[in-house]
Amino acid sequence: MKINTILFVLALGIFGITTTEFGVIGILPEIASVFAISIDKAGWLLSSFAIIVAVFGPFSVMALSSFNRKKVLAFSLLVFAICNILSALATTFSFLLIVRMIPAFFHPVYWSIALTVAVENTEPNQSSKAVSTLFSGLTLTTVFGIPLATLLVDVLNWQFSFLVLAIINIVSFIGLLIYLPSINTPHIKAKHSPISILRKPVLWIHIILVFFMITAMYSTYAYMADFLKSVTNMNGKEISCMLFLFGITGVIGNRLAGKYMSRHPYQTTLVFIITLIGVHLLLFAFGSYFVPMIVIVGIWGLVHTGGFLISNVNIASSVTGAQEFVNSIFTSCGNAAVTAGSIAGGYWIVHFGIQKVIWLSILFLLLSLFVVFIKKVFYSQQQ
């Protein structure tokens with residue numbers, strides 16, 4: 001089977017699991033209203049999922065490393081589908097929170113295997129493009145998954161949103177069973193042990209960089225629906241359209257990130273951070289104006305969506321050997337940052353207001369900019 005087919009099948013699965021993780025972003029205001037809780041407490045539906053991934057990611061990957069890769073991928077998607085059905089049946093916020101946490105244990109497993117398969121089956125100079133294809137599944141989440149979940153809440157109810165998420169995972173599960181060939185775990189000894197990998201300073205520089213970048217992204221983005229509702233005064237259908245626009249421009253941003261990270265990783269990372277700072281300044285200045293926000297949301301999606309791919313390439317390229325373990329580190333780091341961003345953003349909103357959450361993102365972006373310069377100094381000293 002051609003590698004492109006394998007990549008697209010894996011990307012379909014990523015679309016299913018990331019829509020489950022991030023699909024709640026657009027429905028948090030409705031969840032908060034239905035269960036009579038604050039928006040920052042509702043944000044734990046995103047944070048709790050990310051915490052599980054962050055803490056248990058590498059351990060989940062190592063625990064399932066001896067099993068057939070295709071079977072592990074398929075079982076992971078099945079767990080996601082079942083838990084989304086249970087979420088739709090939830091009558092209390094506590095139950096909803098618990099069933100949201102269960103599939104999080106399998107999230108890093110799917111990501112790590114998918115990324116490893118993509119890199120192993122492509123030429124080294126094409127690996128960033130292969131990863132970009134996989135990240136198109138994440139991009140599709142912003143294009144269709146999150147806007148669809150938001151629209152369904154406005155047209156029907158929040159329960160139906162979770163049922164649609166279950167259907168997406170079932171379709172991904174069936175597609176994987178039909179089109180993905182059996183992928184056995186290769187019996188090749190890793191070049192480096194996990195302990196030796198974790199001792200590398202360059203890896204930790206990239207981990208800190210990625211943590212600050214993604215924390216900055218999700219401090220504001222996790223509450224995008226609430227920002228558009230409270231600051232821009234958009235209704236449910238208008239917010240769905242904005243989320244869709246965000247995702248559409250994100251498709252372009254993801255492809256650009258994949259293209260330029262292959263050639264100029266340092267410069268691409270630097271441009272990403274500086275441009276995202278500019279976008280957040282525009283959000284603060286024009287957030288209450290309807291028409292300007294349409295343009296700003298489009299630019300925001302273009303820049304934001306490439307962030308995960310840029311983050312993955314930074315961590316994956318920092319060390320070689322034990323690739324699935326390295327990918328699990330990226331997944332854990334990314335979700336730890338999502339957790340930090342959503343928690344910090346919720347706290348900031350409660351104490352300072354939704355519009356000022358922009359400054360929290362800018363603070364973390366400035367910290368990431370500082371780490372980029374440290375990275376540059378470190379590499380110059382190694383030469």
Side-chain angles (χ1 to χ4, degrees), residues 13-25 27-28 31 35 37 40-65 67 72-88 90 92-115 137-138 141 145-146 149 162 165-166 168-169 172-173 194 198 207 210-211 214-215 217-219 221-222 308 311-312 315 324-347:
I14 287 176
F15 172 60
I17 67 173
T18 54
T19 300
T20 296
E21 179 175 9
F22 298 119
V24 296
I25 287 175
I27 65 177
L28 287 182
I31 293 293
F35 291 104
I37 56 176
D40 61 314
K41 185 175 182 179
W44 276 96
L45 290 176
L46 179 62
S47 303
S48 62
F49 190 107
I51 288 173
I52 295 295
V53 177
V55 175
F56 295 98
F59 302 105
S60 298
V61 171
M62 288 189 289
L64 297 174
S65 62
F67 292 89
V72 173
L73 292 172
F75 182 74
S76 299
L77 291 175
L78 188 60
V79 171
F80 271 81
I82 293 172
C83 289
N84 274 313
I85 294 173
L86 292 175
S87 295
T92 66
F93 182 75
S94 298
F95 180 80
L96 177 59
L97 190 61
I98 291 172
V99 295
R100 280 274 303 168
M101 293 169 69
I102 294 172
F105 289 96
F106 296 90
H107 178 283
V109 176
Y110 190 99
W111 262 110
S112 298
I113 293 176
L115 288 169
L138 176 59
T141 295
I146 298 174
F162 282 109
L165 294 179
I168 291 172
N169 282 286
S172 303
F173 169 77
L198 290 174
I207 287 175
V210 167
F211 179 81
I214 298 178
T215 299
M217 290 162 58
Y218 279 85
S219 293
Y221 176 64
F308 266 110
S311 299
N312 172 258
I315 287 182
E324 285 186 15
F325 180 73
V326 174
N327 286 329
S328 72
I329 292 175
F330 159 70
T331 309
S332 292
C333 176
N335 280 272
V338 170
T339 302
S342 57
I343 292 176
Y347 177 88

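Here the closest non-hydrogen pair linking Ala166 and Ile85 is CB-CG1, 3.6 Å. Across all their heavy atoms, Asn169 and Leu165 have their closest contact at ND2-O, 2.8 Å. A pairwise comparison of heavy atoms in Ile168 and Phe15 identifies CG2-CE2, 3.6 Å as the closest pair. Pairing each heavy atom of Cys83 with each of Pro103, the nearest pair is SG-CD, 3.6 Å. Scanning all heavy atoms of the two residues, the minimum distance from Thr215 to Ala340 falls at OG1-CB, 3.9 Å. For the residue pair Ile17 and Leu77, the shortest heavy atom distance occurs at CG2-CD2, 3.6 Å.
Remark: Phe105 engages Phe56 in a ring-ring contact (aromatic ring centres under 6.0 Å, His included) (not counting sequence neighbours). Applying the ring-ring contact (aromatic ring centres under 6.0 Å, His included) test to Phe173 and every residue at least two apart in sequence or in another chain returns nothing. Scanning for side chain to side chain donor-acceptor pair (under 3.5 Å) contacts around Ser60 gives an empty result, with sequence neighbours left out. With sequence neighbours excluded, the residues satisfying side-chain contact (heavy atoms from CB on, under 4.5 Å) with Val99 are Leu86, Ser87, Phe95. Take Phe75 and apply the side-chain contact (heavy atoms from CB on, under 4.5 Å) test, not counting sequence neighbours, and it matches Val79, Phe106.
The distance from the OG1 atom of Thr92 to the CZ atom of Phe35 is 6.5 Å, given to the nearest 0.5 Å. From Ile113, atom CD1 reaches atom CG of Leu64 across 7.5 Å, with rounding to the nearest 0.5 Å. One distance of note links CZ of Phe93 with CD1 of Ile98; it measures 10.5 Å at 0.5 Å rounding. Considering OG1 of Thr18 and CZ of Phe80, their distance stands at 9.0 Å, rounded to 0.5 Å. The CZ atom of Phe162 lies 5.0 Å from the CD1 atom of Ile31; values are rounded to the nearest 0.5 Å.
Between Phe49 and Leu45, the closest side-chain pair of non-hydrogen atoms is not below 4.5 Å. Val338 places a side-chain heavy atom less than 4.5 Å from the side chain of Phe308.
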Stepwise, does the side chain to side chain contact (heavy atoms under 4.5 Å, CB included) test hold for Phe211 with Cys333? CA-CA 6 Å; Phe211 179 81; Cys333 176; 4.1 Å; yes
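The aromatic rings of His107 and Trp111 sit tilted, their planes meeting at an angle between 30° and 60°.
Residue pairs meeting the side chain to side chain donor-acceptor pair (under 3.5 Å) criterion with at least one partner in residues 73-85, sequence neighbours excluded, are Thr20-Asn84.
Put simply, the side chain of Arg100 gets close to the backbone of Glu21: a donor and an acceptor are under 3.5 Å apart. At least one donor-acceptor pair closer than 3.5 Å links the side chain of Ser332 to the backbone N or O of Val53.
The 12-atom threshold is not exceeded at OH of Tyr347, counting heavy atoms of other residues, nucleotides or ligands nearer than 6.0 Å.
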